[in-house]
Protein chains: 2
Amino acid sequence: MTRSEENYLKAIYHLGGHKEQSISTNALAEEMDTKPSSVTDMAKKLAEKTLVNYIKYQGVSLTAKGKKTALSIIRKHRLWEVFLVKKLDFSWDEVHEVAEQLEHIKSEKLIDKIDELLEFPKYDPHGDPIPTKDGEFHEREKQLLSELKTQQKGICVGVKDTSSAFLKFLDKNQIALGHTIEVLDVEDFDESLLVKIDGKELHISSQIANNLYIKKEN
Amino acid sequence: MTRSEENYLKAIYHLGGHKEQSISTNALAEEMDTKPSSVTDMAKKLAEKTLVNYIKYQGVSLTAKGKKTALSIIRKHRLWEVFLVKKLDFSWDEVHEVAEQLEHIKSEKLIDKIDELLEFPKYDPHGDPIPTKDGEFHEREKQLLSELKTQQKGICVGVKDTSSAFLKFLDKNQIALGHTIEVLDVEDFDESLLVKIDGKELHISSQIANNLYIKKEN
DNA sequence: TTGTATTTTTAGTTTTGTCTAAATATTAAT
DNA sequence: ATTAATATTTAGACAAAACTAAAAATACAA
Ligand SMILES: [Mn+2]
Ligand SMILES: [Mn+2]
Ligand SMILES: [Mn+2]
Ligand SMILES: [Mn+2]
C-alpha cells in the first residue's frame, strides 16, 4: 500500500464513499488537489486491488477492504493528533500537517502503544471520533451552533472548519472544546449571535456559528 | 529533499564519507542494498545539489551541507529510537525498523519536542551518540570487549552489530548497556572469554566479544 | 430532441528512482 | 607492458504518480 493510495482511500471515505454513495472523479480530484485524469488512473489501480468499486463514468466507492484501510489511516491520523497535543504541547491548529505524515508510518505496534500511552482517547483535538483497532466508532450527536435558538445551551464538542485561521480565532476568543455555550440573542439581520461562553458574553458572526459543533443540553 | 536522498546521505555518512574519505560506488550500493548504476545516478543528483563531492570513477564524499543534513537525519533516527524504548516500551531490537520511517518526518518542532520530552538524551538505545540540533556530538571512548585482557574490566556502553538476532541474544544472557563486565579468562584456542557480568559468570564466544563495546575502567 | 456544456477518460509526457545489459575505465597480475 | 579482472558509468527500459491536450461520454437546456 503506497502513501498515495492511502491518501486516496482516506479522501474517498471523507467524501462519503463508504456507504453506497459513489464519489465522482471531479469531486475526488478537488479533494486530493489533483487533476481528474490522475484520479481516473488511481481509480483503476485501486479497483484492481479490490479496494474500491469503480464503474467508468460513475465514480468510486469503498469496498469493505477499502473502508477498513481508510479507517485505519484515519485512526492513526487522529491518535497522532492527540499525541502531539497532549504529550508534546502542540496547539490544535498545528497538528494536522504533521499528522498527515505520521499517519503513514507502518507499525501496528507503534500505533497501539501510542493509543495505550494516551489512555485510549475517543476523540481527537478537533472533536472527531477515533476509530478503534477494528474500525468501530460512534459519531457523537451534535449540531451547529447556528442551529440553536435563543436561550438554548450546550457544550462545544467540535469544529467543522479545521483551518488554522479558524482555530486560532477560537483560541483568541477563549472558545475551546468542553466549554458551555448559551445563546442569549440572535440578530435577525445578519444571523449573528450574542452568546455566553464560560461566563463571558461574546458576539459571534454567523460564519463562526456555522463552524462550531455543539452538543445540546436538556 | 526526498526520502531516498536522505537515505543516501545517511549511508555515505555511516561509511565515513564525512571526513575527506571518498566512498566508492560499489560500497555505497552494498550499504544501500541497490545496484551501482543506481548509485551513480544519485551521486550526480546529489552533486548537482551540492550535497556531495562527486568525481567520476572516484566516489563521493559529503560537503558541509551534506554532512549537516546527514546528521539531522541521524539525530532524528536516534531520538525516535530512544522515544520508542523509553516511552512506548519497545525493546532495543524492535526500534530500528520503525525509526527508519520516523526519521523522515519533516517537522523541526516535532523532533525538538521529542528531544525535550526525553530530557535531551545523549545516547540511543544501542549506545550511539545523538547529535545536537546543530550537529555536534562526541563519540564516547570505547573499545571492543575482545580487546580486553584477563583481569581488565569495564562498562558495557554499546553494540557494533545491531541486528535483532544479536540484541536478542544479549537480552537472553542478561547483558545490557550499563552493566559491568570483567574478563576472568581468555581461551587462546578460539579466543572465547570467561567473563563476570553483574555478578554472574558467563562464557562468551569471540563473535560476541567482537561486537560489544566496553568503556574500560581504571 | 437536438445541440451545448460539463464530466470523464484516453493518449502521450514527465519526474523520481530503480533495473539490466553493454561499454568504458581502473586496478591487479603475469 | 600487456592482459585479465574488477569497478564504474552509460544507455535504454520500467513502474509510480503526476501532468496536458484531445477525444468520448454524459447531463442539461432550449
Ligand atoms: Mn487532521
Ligand atoms: Mn483532527
Ligand atoms: Mn537504528
Ligand atoms: Mn540505534
Side-chain angles (χ1 to χ4, degrees), chain A residues 1-17 20-62 66 69-70 73 100-101 103-106, chain B residues 1-17 20-62 66 69-70 73 100-101 103-106:
Chain A
M1 179 78 41
T2 70
R3 173 172 302 218
S4 189
E5 285 169 354
E6 291 182 345
N7 283 332
Y8 271 94
L9 293 178
K10 193 173 51 135
I12 295 167
Y13 186 96
H14 281 138
L15 290 174
E20 300 299 297
Q21 201 180 348
S22 225
I23 304 304
S24 79
T25 301
N26 258 17
L28 192 44
E30 174 80 9
E31 175 81 9
M32 294 287 300
D33 203 21
T34 185
K35 303 291 174 191
S37 54
S38 306
V39 172
T40 301
D41 287 346
M42 185 56 87
K44 287 175 184 167
K45 192 190 308 178
L46 294 175
E48 192 59 42
K49 296 189 178 187
T50 70
L51 290 160
V52 304
N53 310 115
Y54 170 56
I55 306 172
K56 257 194 187 185
Y57 295 103
Q58 286 184 214
V60 293
S61 63
L62 295 173
T69 309
I73 308 296
E100 284 290 311
Q101 301 178 60
E103 72 189 6
H104 299 291
I105 301 290
K106 276 157 191 63
Chain B
M1 179 79 41
T2 70
R3 173 171 303 215
S4 189
E5 286 169 354
E6 291 182 345
N7 283 333
Y8 271 94
L9 293 177
K10 192 173 52 137
I12 296 166
Y13 186 97
H14 282 137
L15 290 172
E20 300 299 299
Q21 203 180 346
S22 225
I23 304 303
S24 79
T25 301
N26 259 16
L28 193 44
E30 175 81 9
E31 175 81 9
M32 293 289 298
D33 202 22
T34 186
K35 302 292 173 190
S37 54
S38 306
V39 172
T40 301
D41 287 345
M42 185 55 88
K44 287 175 183 166
K45 193 190 308 179
L46 293 175
E48 193 59 42
K49 296 190 177 185
T50 72
L51 289 160
V52 305
N53 309 115
Y54 170 56
I55 307 172
K56 255 193 189 185
Y57 294 103
Q58 285 183 212
V60 293
S61 63
L62 294 173
T69 309
I73 307 297
E100 284 291 312
Q101 301 178 61
E103 72 189 6
H104 300 291
I105 300 290
K106 277 159 189 63

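Letters go in sequence order (proteins before strands), and every chain restarts at 1.
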**Request:** Kindly determine whether B:V52 and B:L9 satisfy side-chain contact (heavy atoms from CB on, under 4.5 Å), including the steps that lead there.
**Result:** CA-CA 8 Å; B:V52 305; B:L9 293 177; 3.9 Å; yes
**Prompt:** Quick one: A:L28 CG to C:dT9 P, roughly how many Å, whole number?
**Reply:** 11 Å
**Asked** Under 3.5 Å, side chain of A:Q101 to main-chain N/O of B:K106, donor-acceptor pair present?
**Response** yes
**CA sep, side-chain torsions, deciding dist, call: B:E20, B:N53, side-chain contact (heavy atoms from CB on, under 4.5 Å)** = CA-CA 10 Å; B:E20 300 299 299; B:N53 309 115; over 6 Å; no
**Message:** If we count only N and O atoms by modelled type, under 3.5 Å, do the side chains of B:E6 and B:H104 hold a donor and an acceptor together?
**Reply:** yes
Distances for protein N/O vs nucleotides 6-9 of chain D N/O pairs under 3.5 angstrom?
from, atom 1, to, atom 2, distance (Å)
D:dT8, OP2, B:N26, N, 2.9
D:dT8, OP2, B:N26, OD1, 3.4
D:dT9, OP1, B:Y54, OH, 2.4
D:dT9, OP1, B:Y57, N, 2.9
D:dT9, OP2, B:T25, OG1, 2.8
D:dT9, OP2, B:T40, OG1, 2.7

Every protein N/O lying under 3.5 Å from an N/O of nucleotides 2-4 of chain C:
none

**Atom-pair distance (CZ on A:R3; P on D:dA18), nearest Å** = 12 Å
**Request:** Round to the nearest Å and state the distance from A:K35 atom NZ to C:dT6 atom P.
**Result:** 17 Å
**Item:** D:dA18 phosphate, OP1 or OP2, under 4.0 Å from A:Y8 side-chain N/O
**Value:** yes
**Minimum side-chain heavy-atom gap B:E5-B:K49 below 4.5 Å** = yes
**Rounded distance (Å) that lies between atom C1' of D:dA15 and atom CD of A:E48** = 15 Å
**Item:** B:T25 and B:M42: CA distance, side-chain angles, deciding distance, side-chain contact (heavy atoms from CB on, under 4.5 Å) verdict
**Value:** CA-CA 10 Å; B:T25 301; B:M42 185 55 88; over 6 Å; no
**Asked** What's the CD-C1' distance between A:E30 and C:dT6, to the nearest Å?
**Response** 15 Å
**Item:** Shortest non-hydrogen contact between A:Y54 and A:A47, atoms and distance
**Value:** CB-CB, 3.9 Å
**Item:** Heavy-atom pair with the smallest gap, counting every atom of B:Q58 and B:S22
**Value:** O-OG, 3.0 Å
**Request:** Please examine the side chains of B:V60 and B:L28, heavy atoms only from C-beta on, and report whether any two atoms are closer than 4.5 Å.
**Result:** yes
**Message:** Whole angstroms only, please: what is the CG-P distance between B:D41 and C:dT20?
**Reply:** 13 Å
**Request:** Just call it for B:S38: base, sugar-phosphate, or nothing, with non-hydrogen atoms closer than 4.0 Å on any strand.
**Result:** base
**Item:** d(CD1, A:I23; P, C:dT7) in whole Å
**Value:** 15 Å
